[in-house]
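Since the structure is predicted, the reported quantities are computational estimates derived from the model, not experimental observations. Note that these values count all heavy atoms, side chains included, but never hydrogens, waters or copies made by symmetry.
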Amino acid sequence: NALEVKEAVEMLRGQAPADYTELTLALTAEMLVLGKQAGSIDEARAKLQRSITSGAAEAKLKEIVAAQGGDPAAITDLSRLPKSRTTVAITAESAGFVTAIHSEAIGLAAMALGAGREKTSDVIDPGVGFVLEKKLGDVVTAGATLVTAHVNDDRRVPEVIERVRRAYRIGAAAPAARPLVLERLA
């Protein structure tokens, strides 16, 4: 979906959220080591960082997009990506801390907007999806935007709002800090 492409390009430009960047670097470093393109995780991370800083990573993405018949100019100019007709702020009903987000429920809510398929014959709408404005551990006030939904079809919006609100847990106390990567399996 276009929102995911935008976030990935922003990461390649050093402009993505720190958690997204860290997870991407952790996973791709593992891939470089497994593919014997780096001798260690530290070496792989340094190689990845150089690729991002030099612009080589973004150039490679454009090459991949072109090879698959896409428009590499959309990587240079993100305004060329598909967009939704409108956005809807899905807000918190109470104040507190985000103590949990049920990712499967968020995914199913996005699918209901057209960002995924319920059955293989469904058509994916590349302009729709979610931007999570509040993440685990964030403080929220009643009425604060949890998620911005990018929408082209209003018919399922009430259902989607309810699904997203149920997916978020707001509690009185901040959850214990957790590492982004819980465990590395050898």
Side-chain angles (χ1 to χ4, degrees), residues 1-34 41-42 44-45 48-49 52 57 61 78 81 83-84 86-118 124-152 156-186:
N1 296 32
L3 293 169
E4 293 168 318
V5 171
K6 180 179 182 283
E7 189 170 42
V9 171
E10 288 171 347
M11 197 278 308
L12 295 177
R13 293 177 180 167
Q15 302 167 350
D19 60 343
Y20 178 88
T21 300
E22 175 55 31
L23 184 58
T24 301
L25 291 175
L27 294 173
T28 52
E30 292 287 346
M31 292 171 61
L32 288 179
V33 171
L34 286 171
I41 295 298
D42 289 340
R45 287 180 73 95
L48 291 165
Q49 204 58 57
I52 291 168
L61 177 59
L78 296 175
L81 291 171
K83 290 182 185 45
S84 65
T86 190
T87 60
V88 174
I90 303 175
T91 59
E93 294 181 298
S94 61
F97 294 88
V98 177
T99 59
I101 304 171
H102 297 278
S103 57
E104 182 181 13
I106 295 290
L108 292 171
M111 185 176 64
L113 285 179
R117 293 184 176 101
E118 291 183 61
I124 293 176
D125 182 343
V128 304
F130 293 142
V131 174
L132 276 63
E133 308 293 351
K134 297 294 183 183
K135 297 179 182 176
L136 187 65
D138 286 351
V139 175
V140 297
T141 57
T145 301
L146 299 172
V147 172
T148 301
H150 291 250
V151 177
N152 281 330
R156 294 187 79 179
V157 167
E159 168 196 351
V160 167
I161 290 171
E162 185 57 32
R163 283 182 177 204
V164 169
R165 283 183 173 153
R166 281 195 318 260
Y168 269 77
R169 296 287 181 258
I170 309 296
R178 293 175 43 179
L180 190 59
V181 177
L182 298 177
E183 182 179 359
R184 181 177 181 263
L185 303 175

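Looking at every heavy atom in both residues, Phe130 comes nearest to Ala110 through CE1-N, 3.3 Å. Nearest heavy-atom pair, Ile52 versus Leu25, reported as atom, atom and distance to 0.1 Å: CD1-CD2, 4.0 Å. The minimum heavy-atom distance linking Ala105 with Ala167 is given by the pair CB-CB, 3.7 Å. Counting all heavy atoms, side chain and backbone alike, Ala109 lies closest to Val164 at CB-CG2, 4.0 Å. Val128 approaches Ala115 most closely through the heavy-atom pair CG2-N, 3.5 Å. In terms of heavy-atom proximity, Leu180 sits nearest to Leu23 at CD2-N, 3.6 Å.
Remark: Asp125 pairs with Asn152 by the side chain to side chain donor-acceptor pair (under 3.5 Å) rule, at least two apart or across chains. Partners of Glu133 according to the salt bridge (Lys or Arg N to Asp or Glu O under 4.0 Å) rule, which considers only residues two or more places apart in sequence or in another chain, do not exist here. Looking at residues two or more places apart in sequence or on another chain, you find no side chain to side chain donor-acceptor pair (under 3.5 Å) involving Thr24.
Using a distance-only test at 3.5 Å, with no hydrogens or angles considered, no donor-acceptor pair links the side chain of Thr145 to the main chain of Val147. Under the 3.5 Å distance criterion, the side-chain polar atoms of Glu4 are matched with a main-chain donor or acceptor of Asn1. Using a distance-only test at 3.5 Å, with no hydrogens or angles considered, no donor-acceptor pair links the side chain of Arg45 to the main chain of Ala29.
Among residues at least two apart or in separate chains, side-chain hydrogen bond (donor to acceptor under 3.5 Å, both in side chains) pairs with a member in residues 166-186 are Glu30-Arg184. Sorted by first then second residue, the side-chain hydrogen bond (donor to acceptor under 3.5 Å, both in side chains) pairs that include residues 89-115, not counting sequence neighbours, are Thr91-Arg165.
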### Query
Can you list the steps and then say if Val160 with Val88 is a side-chain contact (heavy atoms from CB on, under 4.5 Å)?
CA-CA 10 Å; Val160 167; Val88 174; over 6 Å; no
### Query
Between His150 and Lys83, does a side-chain contact (heavy atoms from CB on, under 4.5 Å) hold up when you go through it step by step?
CA-CA 8 Å; His150 291 250; Lys83 290 182 185 45; over 6 Å; no
#### Entry: Derivation and outcome, side-chain contact (heavy atoms from CB on, under 4.5 Å), residues Met31 and Leu34
CA-CA 5 Å; Met31 292 171 61; Leu34 286 171; 5.6 Å; no
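Here CG of Leu146 is found 8.0 Å from CD1 of Ile90. Values are rounded to the nearest 0.5 Å. Put simply, CG on Leu32 and CG on Leu27 are 11.5 Å apart, with the number rounded to the nearest 0.5 Å.
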For residues 7-19, please give each side-chain donor-acceptor pair under 3.5 Å, one per line with the distance, not counting sequence neighbours.
from  : atom 1 : to     : atom 2 : distance (Å)
Glu10 : OE2    : Lys6   : NZ     : 2.6
Arg13 : NE     : Glu58  : OE1    : 3.3
Arg13 : NE     : Glu58  : OE2    : 3.3
Arg13 : NH2    : Glu58  : OE2    : 3.0
Arg13 : NH2    : Ile75  : O      : 2.6
Arg13 : NH2    : Thr76  : O      : 3.1
Asp19 : OD1    : Lys135 : NZ     : 2.9
Asp19 : OD2    : Lys135 : NZ     : 3.1

